[in-house]
Number of protein chains: 2
Amino acid sequence: MKASEQRRTTIKDVAEAAEVGVATVSRVLSGTGSASPATRERVLAAAARLDYRPSALGRNLRRRSTGGIGLLIPDITDTFYSRLADGVLACTQAAGEPVMVGATGDDPEREAELIGSLIEQSVERVIAVPSGDGEMWAPAFRAGLGVVFAERRVRGREDVPSVVTDDRSGVRTAVEYLIGLGHRRIAFLGRHGQAQRARAFREALTSLGMTVDEELVVRAHATRDSAYAAASGLFQHRPDLTAVLAGGNMLGEVALLAARELDLRVPRDVSLIMFDDVPWAELCSPPLTVISQPAHDMGYRAAELVLREGRRSRTVTLPTELIVRASCGPRR
Amino acid sequence: MKASEQRRTTIKDVAEAAEVGVATVSRVLSGTGSASPATRERVLAAAARLDYRPSALGRNLRRRSTGGIGLLIPDITDTFYSRLADGVLACTQAAGEPVMVGATGDDPEREAELIGSLIEQSVERVIAVPSGDGEMWAPAFRAGLGVVFAERRVRGREDVPSVVTDDRSGVRTAVEYLIGLGHRRIAFLGRHGQAQRARAFREALTSLGMTVDEELVVRAHATRDSAYAAASGLFQHRPDLTAVLAGGNMLGEVALLAARELDLRVPRDVSLIMFDDVPWAELCSPPLTVISQPAHDMGYRAAELVLREGRRSRTVTLPTELIVRASCGPRR
DNA sequence: AACCATGATGGAATCGTTTCCATGAAGGCG
DNA sequence: CGCCTTCATGGAAACGATTCCATCATGGTT
């Protein structure tokens, strides 16, 4: 069977078959304008008979925009982001909008490239977990993109609608819980791009009357290796710490791994709280105490926001929840 | 700042600025055809000065195809598929091709819709983990799409290039391992769409001289709830089974959960092997023995295949590996 | 000197749709 | 009966690129 170059059936074919003009076909099919019931009938029949599907290409060119939505996330492999993406897809699929996904790896440069590529595609709406600063996003705004940020915001772009979790209260709840258990030397293990959480961590500590030990606030890069190195380094440099707050599920995972590797018992030797609940958290040994985040909702809400961009919508803050399992104990 | 409707700079603007014709600009910028060094210089300078980016819209219409690639997976939330997607992105991003992702939920109907939407977008290449049968895919082939299947194949479409794991040998290795430990009543917990693995399971059993107990071969739907129900039902109906082979990481997860819920100890009361290695498998209690699959590679290879579709490429089979941890023990 | 091959160049057609505008028919109303 | 409004309709002009084709200049060969 040869891949024959059969011409796609166009609106012209339908027009001929229905014995009307192309304009009429377009009006009937898109529901705009008026048409007599009789011709409407004929057009619909012809379209069905020829199995006609309007080409998005022509339409997009005329409309000067792709209907599609761009989605930029740091790492699709991270369950938090994949749940977020799932939420986005759930909403956009209902709206029939295609979604172009790009993985930034939390690298501003790659992000800039991806933004450029989206502009080139004439995508007009973007949902992004931003890694770059305001600078990177300038071209996007210049091109008139409708942008919604998720999970994080961008300094200097506070006017961009965004959907975030209530980091401050989440972190504070976790810190209070740990302090309540008697812990005093608590570490925060975060990733680049989680400056917000690190800040919230410091705030919570000071507002609870403790001093911030900057050595206990460490940041890793987006890769698993970097995270493991950071966690392991933390435990080795500061054997005196008694609790760790991990800023994401990958961080929590490697923290647990590193602790185990160094023969530290959780929670006897060190307590662990992880941001973001995941299905396997209760399968772990010990089951992990977590601060759950509504990742799916977050994506869904972001998609809603970007789809009806008419309303000047402010940022949405989603609540977190402390789920106590077994990875935290009293200070040893 | 008002979102002014500033016109996008087009090839015409560049042509004017460089004092040449649009054809020349196109030739210079796309590298095709010839142009004198002097004009080339002028065009390039003008393009740079105006910050010109050719619109993919115009190009695509003329070329009658979107450069993009469609990616259809059952569930982006499943780490196996998200790793696969990551592999695809890694390859396509290097090639500068945008990727449109759709989640089928293993539902043939939704899959058909998504295929339709891709055709409408004039996407010309698709990578899919197919859930429907040959029927669903007919429109795609009729439209001349370049299709590559991943993880699974479609009955009656054996000629479509695909990238799969060596299910047969993976299953067989697992079964041999369990039988070697003395197990005789082994269950297979699979999902719809994993018929291949179920078949391999039966084959392995019979070829090792055992009879197949059909009650021990169960299939769940793509949702977590359905999977949990299946696992739980299995344990309750057949308390005599001593080992379970789970066909995917979500299945393994719920199997472990269900076992724990029913006070079955792993591996003392029941042994568990899971298809697909995941980072948390060794964090579990007990650490899970798995058959690892190169999900990332799979996506990458599939993307390679679909990108250079020129070569009539046959299907690629990737190896699996048994990773022994602690979830299997001798028959109780 | 006549001729031809080659290379540079721009005009115009093309892709498939939407939408503006003009035309004609029909119907309501004074 | 004539006029005005409304509706249905089709032709044609966008949209922004690529690419065919014709034109013209140049330089080398006989």
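Since the model is a prediction, treat every value here as computed from it, not as a measurement. Numbers restart at 1 for each chain; the letters A, B, ... are given by sequence-line order, proteins then strands.
Overall bending of the helix from C:dA1-D:dT30 to C:dG30-D:dC1, expressed as the angle between end axes built from five pairs apiece, is 60° (10° steps).
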I'd like a table of donor-acceptor pairs (distance under 3.5 Å, sequence neighbours excluded) in which one partner is a side-chain atom from residues 43-58 of chain B, with atom names and distances.
from    : atom 1 : to       : atom 2 : distance (Å)
B:Arg53 : NH1    : A:Glu120 : OE1    : 3.0
B:Ser55 : OG     : B:Leu57  : N      : 3.0

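A:Pro130 and A:Arg152 get closest at one heavy-atom pair: O-NE, 3.1 Å.
The distance from atom CD of A:Gln121 to atom P of D:dG16 is 16 Å, rounded to the nearest whole Å. Atom CG of B:Asp13 and atom C1' of D:dA17 are 13 Å apart (whole Å).
With sequence neighbours left out, the side-chain contact (heavy atoms from CB on, under 4.5 Å) criterion links B:Ala303 to B:Val88, B:Cys91, B:Thr92, B:Ile127. Under the side chain to side chain donor-acceptor pair (under 3.5 Å) criterion, A:Thr10 pairs with no residue at all, not counting sequence neighbours. Listed by chain and number, the residues in a side chain to side chain donor-acceptor pair (under 3.5 Å) with B:Ser82 amount to none (sequence neighbours excluded). Every residue meeting the ring-ring contact (aromatic ring centres under 6.0 Å, His included) condition with A:Phe149, not counting sequence neighbours, appears here in chain and number order: A:Trp137. For A:Thr24, the side-chain contact (heavy atoms from CB on, under 4.5 Å) partners two or more places apart in sequence, or in a different chain, are A:Val20, A:Arg27, A:Val28. Every residue meeting the salt bridge (charged side-chain N to carboxylate O under 4.0 Å, His left out) condition with A:Asp13, not counting sequence neighbours, appears here in chain and number order: A:Arg7.
Side-chain atoms of B:Ser26 do not come within 3.5 Å of backbone N or O of B:Val22 as any donor-acceptor pair. Using a distance-only test at 3.5 Å, with no hydrogens or angles considered, no donor-acceptor pair links the side chain of A:Glu41 to the main chain of A:Thr39. B:Arg125 places no side-chain N or O within donor-acceptor distance of the main-chain N or O of B:Ile69, the cut-off being under 3.5 Å.
Listed by residue number, the members of residues 37-49 of chain A with any heavy atom below 4.0 angstrom from DNA chain C form an empty set.
In this structure, A:Glu120 reaches neither bases nor backbone, as no heavy-atom distance under 4.0 Å exists between it and the strands shown.
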Which atom pairs link the protein and nucleotides 14-24 of chain C when you take only N or O atoms and keep those under 3.5 Å?
from   : atom 1 : to      : atom 2 : distance (Å)
C:dT14 : O2     : B:Arg62 : NH1    : 3.2
C:dC15 : O2     : B:Arg62 : N      : 3.4
C:dG16 : N2     : A:Gly58 : O      : 3.2
C:dT17 : OP1    : A:Tyr52 : OH     : 2.7
C:dT17 : OP1    : A:Ser55 : N      : 2.8
C:dT17 : OP2    : A:Ile11 : N      : 2.4
C:dT17 : O5'    : A:Tyr52 : OH     : 3.4
C:dT18 : OP1    : A:Arg59 : NH1    : 3.2
C:dT18 : OP2    : A:Ser26 : OG     : 2.8
C:dT18 : O2     : A:Arg62 : NH1    : 2.4

Grab the N/O contacts between the protein and nucleotides 25-27 of chain C below 3.5 Å, and write none if there aren't any.
none

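For B:Arg59, the CZ atom is densely surrounded, since the number of other residues' heavy atoms within 6.0 Å is greater than 12.
Applying the side chain to side chain donor-acceptor pair (under 3.5 Å) definition to pairs two or more places apart or across chains, those involving residues 62-71 of chain B are B:Ser65-B:Glu124.
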